[in-house]
Each structure stands twice: as C-alpha cells, then as structure tokens.
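Each chain gets a letter, A, B and so on, in the order the sequences are listed, and its residues count up from 1.
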There are 2 protein chains.
Amino acid sequence: MKKQRLSIPEECRASLTGIADVQEIMGGKWKYLIISNLFFLGKLKFMELCRQIDKISPKVLSKELKDLEINQLVNREICDTKPITVEYELTDLGKSLHNIILEMGKWGITYRNTITKK
Amino acid sequence: MKKQRLSIPEECRASLTGIADVQEIMGGKWKYLIISNLFFLGKLKFMELCRQIDKISPKVLSKELKDLEINQLVNREICDTKPITVEYELTDLGKSLHNIILEMGKWGITYRNTITKK
DNA sequence: GTAATTAGTTACCAAAAAGTAAGTAACTTA
DNA sequence: TAAGTTACTTACTTTTTGGTAACTAATTAC
C-alpha cells in the first residue's frame, strides 16, 4: 500500500495553498520589513527607506522594491525635483496586508516579553 | 547636516521590532508551511509531514524542525512503536501563531481570486 | 573646487540555503 | 529473500541570497 497525502477538509487545503502563495510573494529576508515601514510611515523616498531599515544595502532594497512593484504591492513614483527623488508607497493591495503585519507585530512583541521575562 | 532615521511613534517602533523578530524565527522557505500543517492537521509523524508538504526533502524538513524545536514552537516526541516513529506537534507558543497563519491564509486566498479574475 | 545629496547600477565575492542521491538500522510484509 | 516501512544523516553540488565597494550623473552647499 503506497502512502498518500492525508485527506483533509477543503477549507484547510485552501488555507494551506494561500499560505504557500503568500510565501512566494513575501519570501526573503526583507519584504515584510519594507512593507511594514511603508505601512507605518506612509510614502517614503528611496534613501529614507534605506536608512530606516537596519543593515539593508541599496542594491538589495532596489531589488526587493522591484519584486514588490511587479506583484503590485508597492507603487513607485518619480518626482520632478532638483536632485531627482523617487517615492514609494503601498498600493491598495499592499495595504490589504495590514492584518498580517499587525498580527506579526503583536506576536513579536509578546514573544520578546515572554522570552525576556523567563 | 547628516541624515538620521525618521523619528516615529514608539508604538510603530515596537511593531517594527516585533516584525523583525518574527522574521528571524520564521524566516526561510518552509517554516510557515510546517507550522500551518501542524496547526490544521494536529500531531503528525515525520513522514506524514514530509508527504504533506509538496517538494520538501527529508533533509530540509529535519533541519527546519530542529530550528522550530529550539525556538520552542514545536514539540518532538519519540514513540515506542515497532518501526520507531516520531510525532511532531505545536507547543502552546507555536499555537499562538494562529492569528498570523489565519490572516496569511485569508490573504492568499483573496489574492489568488483577485489575480485570476482579472 | 570639494563634498554631499539624490537613486540607483555594476562587478565581484562569500555565505547561506537548498537540492540530489545514497546510506543506516531495525522491523514488516509478500 | 527482497522490497518496503520508519526517521533520519551524510556527502556533494548547485542555486540563491546577500554583502562590499565603487561608479554614474545631476545638483546644491560650502
């Protein structure tokens, strides 16, 4: 008898597929942090964002922002200023990640408290 | 004038730190999927979990489970059966990730619907 | 003139993550 | 006896990711 996957409720299957999809889009070290900074601080220029996120390099930030733009989570706007500036902000789709972000923030804070109290 | 970080509300700062912490613990390609499978399906044996998660290899699963055990999100129990079996389940701390998992699942489902409808 | 600002890009290198295939050891089933 | 089950581990290779430093080009401040 060959072993098969467990048969599970369609609801669970759908959730698990959803989670796998989120991982594809939001995978990597930086995406949640970039999205969160834009969520909490609103529209930011490239260098503002770069300074805001500890240890990220412009190369990596640039690449991650491109990925997020492709997936329509972030909008890029070139401003016609003296030294050219570029502003990034969340799209509506990007903003719709707020529940995930808020829950992550809450969990992280609680985790830190439980660990340090021990 | 040297450019500094933006000064932001303490609440935001705390959330952002929390999110960075979550990333440290839950980073990588597989952790959310492992946790989610254990969340939706309950206690699972090593090979059940391995079959359940598409494309994961035993080597990687083994390594990820060790990480999760170290961070006390998963419990490992050796069962005294004929061919030895090992069961994994979420700890209370692991279960406390449920809000994040449920929100990710929801977002992923909605995202897929909006994309495919276009 | 020099340095600093803007937003990146490029080349090069190192480290981390992941994939593949095979092996171990004890036991069961055909 | 041979193959399949359990839970992994090991060695090896490839891919991905990330980091550093330098560079562009235009503009401003000193």
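- Under 4.0 Å is where a charged nitrogen must lie from a carboxylate oxygen, and between B:K106 and B:E103 at least one such pair does.
- Across D:dT6, C:dG8, D:dA7, the shortest atom-to-atom separation from the side chain of B:P83 is found for D:dT6.
- Atom-to-atom, NZ of A:K31 to P of D:dG18 comes out at 8 Å; the value is rounded to the nearest Å.
- Following rounding to the nearest Å, A:E64 (CD) and C:dG8 (P) show an atom-to-atom distance of 14 Å.
- Nucleic acid contact class of A:S57 (heavy atoms, under 4.0 Å, all strands): base.
- If you take CD1 of B:I56 and C1' of C:dG19, they are 12 Å apart, rounded to a whole angstrom.
- Atom CD of B:E87 and atom C1' of D:dT6 are 13 Å apart (whole Å).
- The side chain of B:W30 lies closest to C:dA18, out of C:dA18, D:dT9, C:dG8.
- Regarding A:E48, its CD atom lies at a distance of 16 Å from the C1' atom of C:dG8, rounded to whole Å.
- Within the 4.0 angstrom heavy-atom criterion, only backbone atoms of the sugar-phosphate kind lie near B:K45; the bases stay farther away.
- Ring geometry, B:F39 versus B:H98: the interplanar angle falls under 30°, so the pair is classed parallel (tilted spans 30 to 60°).
- Considering only side-chain N and O atoms, B:R51 lies nowhere under 4.0 angstrom from the phosphate OP1 or OP2 of D:dT5.
- Spacing between atom CG of A:D80 and atom P of C:dA7 amounts to 14 Å, rounded to whole angstrom units.
- Side-chain atoms of A:K29 lie closest to D:dG18 of the nucleotides D:dA7, D:dG18, C:dT6.
- B:K63 pairs with exactly one of B:L61, B:D67, B:L65 by the side chain to side chain contact (heavy atoms under 4.5 Å, CB included) rule, that one being B:D67.
- Residue A:T17 holds its OG1 atom at 8.0 Å from CD1 of B:I109, rounded to the nearest 0.5 Å.
- The side chain to side chain contact (heavy atoms under 4.5 Å, CB included) test with A:L16 singles out one residue from B:N37, B:D54, B:I53, B:I101, and that residue is B:N37.
- Among the nucleotides C:dG19, D:dG19, C:dT6, the one closest to the side chain of A:T85 is C:dT6.
- Of the side-chain N and O atoms in B:R76, one or more sit less than 4.0 angstrom from OP1 or OP2 of D:dC8.
- Between B:K66 and D:dT9 there is a side-chain N or O to OP1 or OP2 distance below 4.0 Å.
- Taking 4.0 angstrom as the limit, A:T81 places none of its side-chain polar atoms (N or O) nearer than this to OP1 or OP2 of C:dT6.
- C:dG8 atom C1' lies 17 Å from atom CD of A:E77, rounded to whole Å.
- Closest to the side chain of A:M47, from the set D:dC8, C:dG19, C:dT6, is C:dT6.
- Between the OH atom of B:Y88 and the P atom of D:dT6 there is a distance of 14 Å, given to the nearest Å.
- Interface remark: the B:K59 side chain does form a donor-acceptor pair with the C:dG19 base, using a distance-only criterion of under 3.5 Å.
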